Trainee: 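Dropping the structure in here first, questions after.
Keep in mind the model is a prediction, meaning the values are calculated, not measured.
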Amino acid sequence: MSLDGRWQLALLDVPGVDHPGSVEVDVPAPWTVQVPGFERSSGTVRYSRMFEVPADWPADGHVVLRFGAVNHAADVWVNGLPAGGHVGGWTPFELSVGELLDHRRPGAGLDEVPHGKQGWYGTTAGIWQPVLLEHRPVQHVHSVRVRSDAVTGAVGADVVLAEKADEGLSVEILVREHSDGAKGVRVAQGRADVAIGTKDAKVAATIDSPALWSPDAPHLYDVVVSIHRHAEEIDSVTVRTGFRTVTTAHGQVVLNGKPVELR
C-alpha cells in the first residue's frame with residue numbers, strides 16, 4: 001500500500017523559523033523545494049500522516065514500513081512509539097511495525113509519525129523517495145543479492161530467508177528480458193533446495209549470449225527470486241540487473257571491450 005501523497009510537515013528546528021508551524025507537502029519530494037524561502041535550508045523537521053491497514057490483510061505474517069530514501073537521518077515513530085531509524089540519505093530502509101499498529105501511547109499525537117532529521121544536502125532534504133506499507137508472509141525473502149557475469153552469462157542470487165527452512169522448501173530464479181509495463185521473454189531459470197534449519201540459499205541460472213548493457217543500449221533483465229513450499233509459491237522478489245564488463249587498458253576505461261571516454 002503506497003503512503004505517497006500529502007503529509008503534514010512541521011519545521012521543528014530550522015534556521016530562520018522562530019515559531020514552527022505545520023504545512024502540507026508532497027511525498028516523495030524534498031520539502032525544501034516545496035516551502036517558499038527554504039530552498040537551501042537545513043535542520044530538523046517532522047513529517048506525519050494517518051493511515052489504516054487494509055482490513056483484508058492476513059492476520060499473520062509481518063507488516064513492514066519501507067522508505068525509498070530519507071535525507072539524511074531519520075527516526076520513525078508509529079502510534080507514538082519508536083519503530084527505529086536510519087542514517088544515509090541515498091539508500092532504502094525498512095522497519096517491522098506490525099506490533100506497533102494496535103498500540104497508542106497516552107498523550108502521543110499522530111504528528112510524531114515519522115520524524116526526519118535533515119542535515120546539509122540542500123534541496124534533497126526529507127522524504128524524497130516513495131514510502132510503502134507491505135504485508136509479508138511469515139516465511140519470506142528477507143534479502144536477496146543478485147550477481148551477473150557478462151563472460152559466462154550466469155545470474156546468481158544469494159537469498160536470506162526470514163525464518164529457518166522447514167521440509168520441502170526451495171528457491172527458484174527466473175530471468176526475463178526487461179519490458180516496461182509487461183512481462184518480458186523468459187530466458188533462463190533455475191532451482192535449489194533449502195537445507196532444513198538454515199536461512200541461507202544460493203540459486204543460479206545461465207543465459208546464452210546475454211545482451212550487454214551500455215549507455216547507448218541499456219539492456220536490462222528482470223530476475224524473479226521466489227520461495228516455494230513443495231509446489232506452492234509463498235513469496236517472491238524481483239530485482240533488475242544488467243551485464244557488462246569494465247576494465248582498464250592503456251590509461252583508458254574499457255566498457256564491454258571498447259574504450260569509453262569519461263569526463
Trainee: When Ile, Leu, Val, Met, Phe, Trp and Tyr are grouped by side-chain heavy atoms lying under 4.5 Å apart, directly or through other members, which residues fall in the same group as I196?
Mentor: none
Trainee: Does the side chain of L169 come within less than 4.5 Å of R229's, by heavy atoms?
Mentor: yes
Trainee: Looking at side-chain heavy atoms only, is the closest gap between E24 and Q34 below 4.5 Å?
Mentor: no
Trainee: Other than V224, what residues sit in its cluster of Ile, Leu, Val, Met, Phe, Trp and Tyr side chains whose heavy atoms are under 4.5 Å apart, directly or through others?
Mentor: L174
Trainee: Run the side-chain contact (heavy atoms from CB on, under 4.5 Å) test against R191 and tell me which residues pass, sequence neighbours left out.
Mentor: S170, E172, D193
Trainee: How about R66 and P92: do any of their side-chain heavy atoms sit closer than 4.5 Å?
Mentor: yes
Trainee: Listed by chain and number, what are the ring pair (Phe, Tyr, Trp, His ring centres under 6.0 Å) partners of W128, not counting sequence neighbours?
Mentor: W90
Trainee: Report yes if the side chains of V45 and V14 come closer than 4.5 Å at any heavy-atom pair, otherwise no.
Mentor: yes
Trainee: Anything under 30° is parallel, anything over 60° is perpendicular, the rest tilted; go ahead and classify F93 against F67.
Mentor: parallel
Trainee: Given side chains that start at C-beta, do those of L3 and L65 come closer than 4.5 Å, heavy atoms only?
Mentor: yes
Trainee: Just distance, no hydrogens or angles: give the donor-acceptor pairs under 3.5 Å from side chains in residues 179-187, sequence neighbours left out.
Mentor:
| unit_1 | atom_1 | unit_2 | atom_2 | d |
| --- | --- | --- | --- | --- |
| D180 | OD1 | H178 | NE2 | 2.9 |
| R186 | NH1 | Q189 | OE1 | 2.9 |

Trainee: Answer yes or no: is there a side-chain heavy-atom contact under 4.5 Å between V254 and T247?
Mentor: yes
Trainee: Do H86 and V70 make a side-chain contact, defined as non-hydrogen atoms from C-beta onward lying under 4.5 Å apart?
Mentor: no
Trainee: Who are the side chain to side chain donor-acceptor pair (under 3.5 Å) partners of D26, not counting sequence neighbours?
Mentor: R6
